[in-house]
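Note that ligands are numbered from 1 as they come in the structure, with each ligand's atoms numbered from 1 the same way.
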Amino acid sequence: MQARSVAVLTGAGVSAESGIPTFRDNNGLWRQFRAEQLATPEAFARDPELIWKWYDWRREVVAAAQPNPGHLALAEMERRIPQFTLITQNVDDLHERAGSRNVLHLHGSIFTQRCLQCSRESTGPRPQQCECGGKLRPGVVWFGEALPPGVWHAAEEAVRHSDLLLVIGTSGVVYPAAGLARLGKRVVEINATPTALSDQMDETLEGPSGEILPRLIA
Ligand code: OAD
């Protein structure tokens, strides 16, 4: 790979080979659960304990998972390419655990919580309540919520200034994240199947990212 400036957008597919369920594949989370009953501010207002139970379970799944060869290849790319930004829709930390450093989490992190009263964020085990006494919610972006503005701006800039954008393991149906694909100069998709974005790609590589990415850097 000759590009000197590369941006990457990843989705749940990149963590599938680590055993973390995706959202829309056959055994995906949104096939088992209705998104609007779990991943919305209204759902949390209705039944915070249920929502926390669901996130606590997902935290356990992520904590028990290991980065796969796809995550490791992306970390290696970052070491070799002068300008490299990894933009992820994933709330897991497998990119970081694989060694990636410059990571933008568009949808937040499953290991953080945010106070509904003072907005303070914290990471790690969840206390009963915030120091200020406020109620805590998961530090992720839910349906109907805006992305963290600084992170979104940095992602747009990184894609605009890159020679190559790799779009990996995402169905490309959730906006604004999927809209980044339109901003890339040259865009290559890596996915197990064709997606909503495939038609607008300059090139598509079909297969598991844990196999294709290591081949790209070899
Ligand atoms: P999806 O579940 O919508 O899509 C997963 C994609 O990964 C599909 O296109 C699969 O074909 C592909 N895939 C599965 N296994 C793969 C593998 N081993 N290698 C390569 N590709 C593979 O997940 P996302 O696109 O990430 O948002 O979903 C986007 C957002 O929707 C998520 O961030 C989440 C969800 O609702 C929020 O929670 C805000």
I'd like to check the side chain to side chain contact (heavy atoms under 4.5 Å, CB included) partners of Ser198; sequence neighbours left out, ordered by chain and number. Glu189, Pro194, Thr195, Thr204

My understanding is that only residues two or more places apart in sequence, or in another chain, count here; which of them pass ring pair (Phe, Tyr, Trp, His ring centres under 6.0 Å) with His95? His71

Let me know which of Leu166, Val188, Ile87, Ile190 forms a side chain to side chain contact (heavy atoms under 4.5 Å, CB included) with Val8. Leu166

Would you say Arg186 has more than 12 foreign heavy atoms packed within less than 6.0 Å of its CZ? yes

Applying ring-ring contact (aromatic ring centres under 6.0 Å, His included) as the test, list every pair that has at least one member in residues 98-140; sequence neighbours left out. none

From Asn26 atom CG to Gln32 atom CD, the distance as rounded to the nearest 0.5 Å: 11.0 Å

Could you please provide the protein residues found below 4.0 Å of ligand 1 on a heavy-atom basis, arranged by chain and number? Gly11, Ala12, Gly13, Ala16, Glu17, Thr22, Phe23, Arg24, Asp25, Trp30, Gln89, His107, Val141, Phe143, Gly169, Thr170, Ser171, Val174, Asn191, Ala192, Thr193, Thr195, Gly207, Pro208, Ser209

